[in-house]
Amino acid sequence: TEKGMLVKKSLQKAFTMDMKAHCAAVVAVRWSPAGRGLCATASRDGTCILWQVPAAHPCAPSPAKPIAVHCLDGHLDALTDVVFDRVGGALATCSEDGTARVWDCDTGLVVHALPPLHRKVVNTAAFAPHGRTLTTASDDTTARVWDLQGDVEAAGECMHTLGWDSGAVNAVEYSPCGRLIIIATHLPNPTTMFYRLLVWSAVSGRICRWYDGHTAPIRAMAWAPRDPDECGGAENVMVSASQDGTIMMWDIAGEPVGPGKPTATLDRHRGRAIPRPGCIAPLFWGSIYAAAFSGGGRHYATGSQDGRVRVFRSEDWSTLHDWGGHEGVAVLQIEEAMAAVRLEWHQALQEGLDQEEFVRRMRDLRRRRADCLRPSRDAASQEPAAALLPPSSAASAGSAV
């Protein structure tokens with residue numbers, strides 16, 4: 001409608017200032033595999049924005065401003081991740097409200113508002129290579145496989161629930177051929193600790209194999225670049241990076257042959273342990289929080305607790321580069337006001353409000369949550385946490401840990 005077009009134009013005008021449309025922390029950034037300069041950002045303000053980022057021209061006096069093509073608003077709590085399908089035609093958003101949504105990238109409309117079957121935060125999601133299913137990973141100890149095309153269940157319904165009492169699920173990947181689903185779980189109990197990879201059949205939803213080796217949560221996992229037509233055996237190599245400061249290589253197989261062990265382990269940059277009273281999972285100066293292969297697969301880069309970036313040759317895993325520049329991890333202080341907002345949030349859920357009043361209350365609480373997060377983030381950036389600084393940080397600032 002004409003009114004809708006005017007609203008869209010006014011939103012685009014407001015969002016064209018240096019990509020600062022979000023009113024809370026941005027927690028995920030993804031480039032569309034379709035190219036065309038499309039970039040998606042997910043924020044703790046509960047929205048995902050799809051940006052059109054113009055190409056830079058050498059002769060231009062200044063780069064053109066990015067334009068917000070679509071603002072995807074529908075979740076009732078902070079977002080945790082955003083992922084594209086393989087061709088960039090659809091994206092999925094994950095939220096702390098325990099739900100995920102699938103959106104059309106061309107229209108900005110929701111395709112599937114997946115049922116709220118997860119009982120806790122949805123951490124991330126992954127599309128199958130063929131794009132017909134989506135798997136979500138949650139803190140409720142399960143991953144769920146959703147039928148997006150109605151092949152097995154009704155479109156948008158859950159077709160498999162993947163859970164094996166191994167703790168919260170923080171990462172998920174499909175095998176290149178799409179027949180296997182790999183999830184990373186963690187269960188840091190004093191008596192039973194699991195930090196493992198679980199391999200499932202994407203067709204039947206049955207457990208195939210599990211892999212143990214890490215001693216802290218797995219923060220990143222990726223397939224070593226191979227021929228996409230190969231699946232199974234030694235060619236199906238996955239690389240995982242963990243908070244325990246190690247990188248491990250695994251030969252992933254779908255045959256139910258019991259537990260698997262890493263084929264190789266790299267821990268030369270783990271560094272010394274950081275004391276954390278009351279915490280079960282260990283933390284090291286070389287604890288890895290992010291990792292990725294280069295486009296051609298020849299190099300593997302990691303980002304660590306010590307603020308250093310390391311690049312390895314994937315052929316022999318020798319260290320190619322090791323440099324610093326970041327100041328380590330800042331600890332965000334959660335304001336008391338944030339806890340009050342969350343308490344009111346849960347009270348509103350139990351009051352049985354009508355839909356219009358419920359949506360109004362949720363939007364008001366979302367704005368108040370953003371106001372709570374902003375000062376805590378600013379304070380954290382000005383006051384680095386002393387607990388995470390090395391004993392002689394001034395003297396050893398230029399040295400590698």
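Note that this is a predicted model, so its numbers are computed, not measured. Atom set for the values below is all heavy atoms of this structure, side chains included, hydrogens, waters and symmetry mates excluded. We count residues from 1, following the sequence as given.
The minimum heavy-atom distance between Ala168 and Asp139, with the atom names listed, is CB-OD1, 3.6 Å. A pairwise comparison of heavy atoms in Trp51 and Pro66 identifies CE3-CB, 4.2 Å as the closest pair. The minimum heavy-atom distance between Leu162 and Val145, with the atom names listed, is CD1-CG2, 4.0 Å. Shortest non-hydrogen contact noted between Thr93 and Trp103 is OG1-NE1, 2.9 Å. Considering all non-hydrogen atoms of both residues, Pro129 and Cys177 come closest at CG-C, 4.5 Å. In terms of heavy-atom proximity, Arg86 sits nearest to Pro176 at NH2-O, 4.0 Å.
One distance of note links CG of Leu197 with OH of Tyr211; it measures 8.5 Å at 0.5 Å rounding. To the nearest 0.5 angstrom, Ser204 atom OG is 9.5 Å from Met159 atom CE. Interatomic distance, CD1 of Ile288 versus NE2 of His269, reported as 9.0 Å (0.5 Å rounding). Summarising the geometry, atom OG belonging to Ser201 is positioned 9.5 Å from atom CZ belonging to Arg179; distances are rounded to the nearest 0.5 Å. Between the NE2 atom in His186 and the CD1 atom in Ile218 there is a gap of 10.0 Å [rounded to 0.5 Å]. The line from NE2 of His214 to CE of Met248 is 5.0 Å long, rounded to the nearest 0.5 Å.
A donor-acceptor pair under 3.5 Å is absent between the side-chain atoms of Ser240 and the main chain of Met221, judged by distance alone. When atom types are taken as modelled, the side chain of Asp97 and the backbone of His75 share no donor-acceptor pair closer than 3.5 angstrom. Ser95 contributes a side-chain N or O that, together with a main-chain N or O of Asp77, makes up a donor-acceptor pair within less than 3.5 Å. Side chain of Ser287 to main chain of Gln305: no donor-acceptor pair is present (N/O by atom type, distance under 3.5 Å, no hydrogens or angles). Put simply, the side chain of Arg30 gets close to the backbone of Val82: a donor and an acceptor are under 3.5 Å apart. Looking at His112, its side chain never comes within 3.5 Å of a backbone N or O of Leu114 through a donor-acceptor pair. When atom types are taken as modelled, the side chain of Ser242 and the backbone of Ala216 share a donor-acceptor pair closer than 3.5 angstrom. In this structure a side-chain-to-backbone donor-acceptor pair under 3.5 Å is missing from Thr319 to Phe312. Judged purely by atom type and a 3.5 angstrom limit, His70 uses its side chain to pair as donor or acceptor with the backbone of Asp106. Side-chain N or O atoms of Ser314 include one that pairs as donor or acceptor with a backbone N or O of Gly297 at under 3.5 Å.
The shortest distance between side-chain heavy atoms of Trp164 and Thr185 does not fall below 4.5 Å. Taking 4.5 Å as the limit, some side-chain heavy atom of Leu148 sits within range of a side-chain heavy atom of Val102. You'll find the side chain of Tyr300 reaches within 4.5 Å of the side chain of Ile247, heavy atoms only. Contact of the Cys208 side chain with the Arg206 side chain is not registered, since no non-hydrogen atoms from C-beta on lie closer than 4.5 Å. With contacts defined as side-chain heavy-atom distances shorter than 4.5 Å, the pair Gln52/Leu38 qualifies. A 4.5 Å side-chain heavy-atom check between Thr142 and Leu117 finds every atom pair outside the cut-off. Side-chain contact between Cys105 and Phe84: present, with at least one pair of heavy atoms (C-beta onward) separated by less than 4.5 Å. Residues Ile181 and Val172 meet the side-chain proximity criterion, which asks for heavy atoms closer than 4.5 Å.
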Please determine whether side chain to side chain contact (heavy atoms under 4.5 Å, CB included) holds for the pair Cys94 and Asn123, giving the CA-CA distance in whole Å, both sets of side-chain angles, and the decisive distance to 0.1 Å.
CA-CA 6 Å; Cys94 309; Asn123 294 308; over 6 Å; no
Apply side chain to side chain contact (heavy atoms under 4.5 Å, CB included) to Ser166 and Leu198, showing your working.
CA-CA 9 Å; Ser166 289; Leu198 298 176; 4.2 Å; yes
Run the side chain to side chain contact (heavy atoms under 4.5 Å, CB included) check on Phe194 and Asp165 step by step: do they pass?
CA-CA 9 Å; Phe194 291 127; Asp165 296 329; over 6 Å; no
Tell me, with the steps shown, if Ile49 and Cys71 meet side chain to side chain contact (heavy atoms under 4.5 Å, CB included).
CA-CA 5 Å; Ile49 298 179; Cys71 181; 4.2 Å; yes
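Sorted by first then second residue, the side chain to side chain donor-acceptor pair (under 3.5 Å) pairs that include residues 153-163, not counting sequence neighbours, are Arg144-Thr161.
Using a 3.5 Å distance cut-off with no hydrogens or angles, the side chains of Tyr174 and Thr133 do pair a donor with an acceptor. Side chains of Ser304 and Arg310: a donor-acceptor N/O pair is present below 3.5 angstrom, by distance only.
Annotation: Arg298, atom CZ; neighbour count of heavy atoms from other residues, nucleotides and ligands within 6.0 Å does not exceed 12. Remark: Asp151 CG is packed, more than 12 non-hydrogen atoms of other residues, nucleotides or ligands lying under 6.0 Å away.
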Pairs of donor and acceptor atoms involving the side chains of residues 257-265, under 3.5 Å and at least two apart or interchain, shall be tabulated with distances.
{"from": "Thr263", "atom 1": "OG1", "to": "Met249", "atom 2": "O", "distance (Å)": "3.1"}

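Take Trp200 and apply the side chain to side chain donor-acceptor pair (under 3.5 Å) test, not counting sequence neighbours, and it matches no residue.
Both tests pass for Arg270 against the ring of Phe284: distance under 6.0 Å to the centre and angle within 45° of the axis.
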